[in-house]
Trainee: 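I'd like to ask some things about the structure below.
When a ligand or atom number is given, it counts from 1 through the structure's own listing order. Model, not experiment: these values are computed from the prediction.
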Amino acid sequence: STGFITFDPGFKNTGITKSSISFIDGEKGELLYRGYPIEQIINQCSFIETSYLILNGELPNTAQLKSFSEKIKKFNSIHKEINKILDNIPNSYHPMGILSSLTYILDAFINSLREEDLYLHLLAKLPILAALTYRKKIGVPPTYADPHLDYTSNLLKMFFSIPNQSYELNPIISDALNKILILHADHEQNCSTTTVRLLGSAHAGLFSSISAGMSALWGKLHGGANQAVIEMLEAILKSGGNIKKWIEKAKNKKDPFRLMGFGHRIYKNFDPRAKIAKKVAENVIQQLGISDPILELAKEVERKALQDSYFLEKKLYPNIDFYSGIIYQAIGIPKEMFTVMFALGRLPGWMAHWKEMKSNKDPIGRPRQIYIGYKKRNIKKN
Ligand code: SDX
């Protein structure tokens, strides 16, 4: 460090705030949401209960959960102008760009001043925006939320219901979606969450802060990795399944290619979410009776990478993104929408951190730098 400034690119060793939302033990491969291990939450809670826990600090009792769900349903429609804006966005635009743009402009149509309501608006409206984005992509007319369904069943119906056909809810798919959304709900100061906190620290609005978080998540090194994993596995299949060649490519410093879905800034052991996601992927594929060569290939890539000294020495294990895409694909969601699903899962975490940053009264985020430019000099015009 130079005097009082510590050089720490990527904030690898910098605690930028105090938080009580989630805790990660990278050595042990542990993740807690408000103190509860992810392994307990995944088996005993729904995504909406987990959202309540992350936002409010405690699990809801029956009455609290009922009122939380009812309040969200109160806000489960969007202004018709949003549909017109969506109609004018080129269909070729990536769903993450569409989602973050629509989230930004949502602000113009929300007139609730109560901050608590803003969180409920986003929980209700983001699944609608995601479903409308998906339906635009596949050329199916827009749809509306179904207030008689629970959160994830409504989300699935908004995605997949076809006009004039009844939509069969499949509990296997609904359960898998619940679980994968729970696995994404929060993850302390990852790049997109810190982005949301940074904007909030300047007193930017909630919607613009969340929209910025989505933009950070879109990056291939972050949430965009789940789509990149499937594209990598498809490329390995297409090129004859020679896993060793791809692993060597990922180890080659001259090659920018990295084994997508591997490595993590904090987990120097297995990402506990990847372990759970692998089991959810195996179950949903087995229960739906679909054979998916990509899952078999993913397990083979994991096995081969974890036999390789480069990955073991650098402690590169599968992260959440390595198996999540296989689950999304099994429930019918195409790879361009994977990072949108990550955003739907991470929403409660982003909002809880934005709320905590305000209650902490965190100062505006303004890091320093190590200046390596010119010393002071005078303009000499010839
Ligand atoms: C998410 O932060 C979070 O919590 C994120 C997340 C969340 O829930 O919000 O968990 C979600 O973003 C998971 C990560 C998804 N991204 C990927 O799977 C992309 C591939 N992974 C890498 O790009 C990388 O591992 C990162 C971005 C995840 C972590 O980067 P770091 O911590 O900055 O690690 P690094 O780039 O400094 O790597 C350390 C070493 C380097 O080699 P050396 O320079 O020491 O010789 O490991 C190598 C890297 O080259 N390395 C890899 C690798 N990941 C790291 N080599 C090959 N393949 C990889 N995947």
Trainee: How about Tyr267 and His187: are their ring centroids closer than 6.0 Å?
Mentor: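 Ring centroids of Tyr267 and His187 are less than 6.0 Å from each other.
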Trainee: To the nearest 0.5 Å, what is the distance between CZ (Phe7) and CD1 (Ile370)?
Mentor: 6.5 Å
Trainee: Going by the rule side chain to side chain donor-acceptor pair (under 3.5 Å), which residues pair with Glu356 if we only count those two or more places apart in sequence or in a different chain?
Mentor: Ser19, Ser20, Arg197
Trainee: So which residues, sorted by chain and number, lie with a heavy atom under 4.0 Å of ligand 1?
Mentor: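 For ligand 1, the residues that come within the 4.0 Å heavy-atom cutoff are Lys12, His187, Asn190, Leu221, His222, Ala225, Ala250, Lys253, Arg258, Leu259, Met260, Gly261, Phe262, Gly263, His264, Arg265, Arg273, Tyr310, Lys314, Leu316, Asn319, Asp321, Phe342, Arg346.
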Trainee: For Arg377, what residues pass the side chain to side chain donor-acceptor pair (under 3.5 Å) criterion, not counting sequence neighbours?
Mentor: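 If we apply the side chain to side chain donor-acceptor pair (under 3.5 Å) test to Arg377, skipping adjacent residues, there are no hits.
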Trainee: Which residues pass the side chain to side chain donor-acceptor pair (under 3.5 Å) test with Tyr119, not counting sequence neighbours?
Mentor: Glu115
Trainee: May I ask you to check whether Phe160 and Tyr134 place their ring centers less than 6.0 Å from one another?
Mentor: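 When the ring centroids of Phe160 and Tyr134 are compared, they turn out to be within the sub-6.0 Å range.
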